[in-house]
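Reviewing the structure listed below.
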Amino acid sequence: MFLTISTTGTPERPATDLGFLLHKHPESAQAFSTSYGTAHVFYPEASVERCTAALLLEVDQVALVRRGKGKGRGGAPDAALAQYVNDRPYAASSLLAVAVSSVFSSALRGVCKARPERAREALPLRVEVPALPARGGPDLVRKLFEPLGWAVEAEAVPLDENFPEWGASRYVRLVLVGEVRLAEALRHLYVLLPVLDDAKHYWVSADEVDKLLRAGEGWLAEHPEQKLITSRYLSRRWSLTRQAMERLELVRLADADDTVVEAIDNAVDADDEQSDTEERPVALAVLRREAIIAELHAAGATRVLDLGCGQGQLVQALFKDVRFSEIVGVDVSVRALTLAARRLKLDRLGERQAARLQLFQGSLAYTDKRLKGYDAAVLSEVIEHLDLPRLPALEYAVFGSARPRTVLVTTPNVEYNVRWESLPAGHVRHGDHRFEWTRAEFRDWAERVAGRHGYRVRYVPVGPDDPEVGPPTQMAVFSLADDHSTTTKKKEAAA
Ligand code: SAH
C-alpha cells in the first residue's frame with residue numbers, strides 16, 4: 001500500500017518544509033510498527049523546488065488474519081487460502097488510513113511548532129495513490145474529491161494489461177492536485193480512502209463516530225455526498241450512521257436518494273432488533289420524543305397531530321402508547337411519508353389499529369381543514385426548515401386555523417452549537433436549516449405568536465441544560481387560554 005504527497009517550493013518557502021509539517025525528516029527513512037504491519041516513511045525527492053514524501057505500509061497478512069478481522073470486501077473468512085490471497089497488502093485502504101493517522105497524527109491535527117505559519121496555509125499539493133480500491137470507480141472518486149477543491153485524475157486500472165478485453169479492475173490510480181492545507185488533505189484521505197474501499201478491516205465501534213466527525217470537521221457538513229460518506233465510513237452500521245447524522249444533522253429524508261431510502265428501510269428493522277449490549281449515548285432525538293410525549297400526557301391530549309412528521313419516529317412512539325387514540329402525521333414530502341408508512345408497517349395493521357393512525361401529505365404553509373379538531377399538534381424540528389418569510393403562514397395555519405388546545409414546538413438552540421465539538425463555529429447544524437435561533441429569539445417569536453392567537457406559552461429544555469448556553473433543543477409549550485378561545489369563537493360566530 002502506497003501513497004505519496006508532493007509539494008513544490010521556492011528558496012523563501014522551500015518544499016522541504018513538508019518534512020517539518022509531517023514531523024518526519026526528509027533525510028532518513030523511518031519505520032513505524034502499527035497493529036497491522038510496518039509503515040515506512042521516506043522521501044524519494046527532497047529539494048527546495050520539489051519534495052515528495054512516501055508512505056508505504058507493509059501489511060503483516062497473517063497478523064491481520066489472526067486478529068480475525070482480515071476479511072476482504074464481502075469476503076468470507078472460510079477459505080483457508082483467503083488469508084494469504086487477498087488484496088489487502090497491495091491496495092490502499094482503511095489500513096493505509098489508519099497508518100496515516102498513526103504516523104502523521106500531529107500533521108493530521110495541523111500541529112507544527114517548527115513551521116506554524118506553513119501548517120496554516122494552503123500548499124500546492126499533489127497526492128498520488130497508485131492502487132486505490134474504489135467501489136464506485138473513477139466517477140465516485142471524482143464526486144468525493146472534487147467538491148473539496150481537488151483537481152482529480154482517476155483512471156481505472158485494467159484487470160490485466162495484456163488482456164484489455166477483461167475490462168477494468170476495481171482499482172483506480174488516483175492523482176489529486178490542489179492548493180490545500182496539509183492537515184486538511186490528510187483528513188480527506190483519512191476519511192475517503194476507507195469510504196472508497198468500502199471494506200473496513202476492523203469492527204466499527206461507537207467511537208468511530210467521533211473519529212469521523214473530528215476528521216470531517218470543516219468539510220463533511222457541506223459535502224454533497226455526505227450521506228454516502230457517512231454510511232460507508234461507518235460500514236453501513238445504521239445505528240451509528242444515524243447517530244453521526246443526528247449530530248451533524250445530515251439526514252434530509254425529504255431529498256434522500258433511493259439507496260438511502262432502501263438502506264434506512266432495512267435499518268429500521270435492524271434497529272428494532274438491536275441488542276442493548278451496545279453502549280451509546282441516548283440520542284437527542286430520543287430525548288426530544290420523550291419530552292414531547294411527557295408534555296402531551298400532561299396536557300391530557302389523546303388525539304394528536306405530528307406536523308412535519310418526517311419519517312415517522314414520533315408517530316411510531318405515539319402509536320405504541322395506548323393512551324393516544326388518534327395520531328395523524330403530516331408532511332410535505334411524499335418520500336418522507338413513504339418511509340413513515342413502511343416504518344409503521346401501515347399495510348399490515350389490523351383494522352382497529354389502522355383506525356388510530358393516519359398519514360397525509362400537506363403543507364403547513366396553507367390552512368387545511370383536515371387539521372381542525374385535534375387536542376394537540378407537535379412541530380418537532382420543523383419551523384427552522386421554513387424560510388423566515390413563510391413562518392407567518394405556518395403560524396396562521398396552526399395557531400389561527402387548526403387551533404388545537406396544545407401546541408408543542410421544538411427547534412435547535414443555536415447558542416448550544418459551541419458545545420457540539422464537530423461544528424465549526426458559526427455553522428448551522430443542518431444544511432437545510434434556514435435559520436437557528438437563540439433562546440431569546442425563540443421566546444420572542446413564541447410570545448408574539450401566543451399573544452396574537454390567545455395562547456399561553458412556557459419553555460422546556462430538552463437535553464443537557466448548559467448553565468451558559470442552555471439546552472441543545474428548546475421546546476415551547478403553548479396552551480390555548482380558555483377565555484380567549486370562547487371570545488374568539490363568539491367573535492367568529494358574530495362575524
Ligand atoms: N418532525 C421530525 C422531522 C423534522 S425534519 C423530527 O422531529 O424528526 C422537518 C420536516 O418538516 C421534514 O420532514 C420536511 O419535509 C417537513 N416540512 C418542511 N416544510 C414543510 C411544510 N411547509 N409543510 C409540511 N412539512 C414540512
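Indexing begins at 1, ligand by ligand and atom by atom, following the structure's order.
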Subject >> Salt-bridge contact Arg448-Glu395 (side-chain N to carboxylate O under 4.0 Å) >> reply: no
**OP:** Decide whether Thr302 and Asp375 meet the rule of one side-chain donor and one side-chain acceptor closer than 3.5 Å.
**Re:** yes
Original post:
Near Leu364, which atoms of ligand 1 are under 4.0 Å from a heavy atom of that residue?
Top reply: 21 (C), 22 (N), 23 (N), 24 (C)
Subject >> Side-chain ion pair, Glu295 and Arg458, N-O less than 4.0 Å >> reply: yes
**OP:** Check each atom of ligand 1 against the heavy atoms of His385 and keep those under 4.0 Å away; list them by number with element.
**Re:** 5 (S), 9 (C)
**OP:** Assess whether side chain to side chain donor-acceptor pair (under 3.5 Å) is satisfied between Ser401 and Asp368, documenting all intermediate values.
**Re:** CA-CA 8 Å; Ser401 164; Asp368 189 332; over 6 Å; no
Original post:
Can you tell which of Gly308, Ser363, Gly329 gets a heavy atom nearest to atom 3 (C) of ligand 1?
Top reply: Gly308
Original post:
Taking the inter-plane angle between the rings of Tyr396 and His453 on a 0 to 90° scale, is it parallel (under 30°), tilted (30 to 60°) or perpendicular (over 60°)?
Top reply: tilted
Original post:
Any N or O on Gln313 sitting closer than 3.5 Å to an N or O of ligand 1?
Top reply: no
Original post:
Any idea which of Val332, Val334, Asp306 brings a heavy atom closest to atom 24 (C) of ligand 1?
Top reply: Val332
Original post:
Within less than 4.0 angstrom of ligand 1, does Gly362 place any heavy atom?
Top reply: yes
Subject >> Under-4.0 Å heavy-atom contact with ligand 1, by part of Val378 that carries it >> reply: neither
Original post:
Of all the atoms in ligand 1, which lie at a distance below 4.0 Å from a heavy atom belonging to Ser333?
Top reply: 15 (O)
Subject >> Polar proximity ligand 1 side, Leu386 side, N/O cut 3.5 Å exclusive >> reply: no
Original post:
Mind checking whether His297 and Phe324 have ring centres under 6.0 Å apart?
Top reply: yes
Original post:
Is the shortest N/O to N/O distance between Glu381 and ligand 1 below 3.5 Å?
Top reply: no
**OP:** For the pair Trp437 and Trp445, name the ring-plane relationship: parallel under 30°, tilted 30 to 60°, perpendicular over 60°.
**Re:** tilted
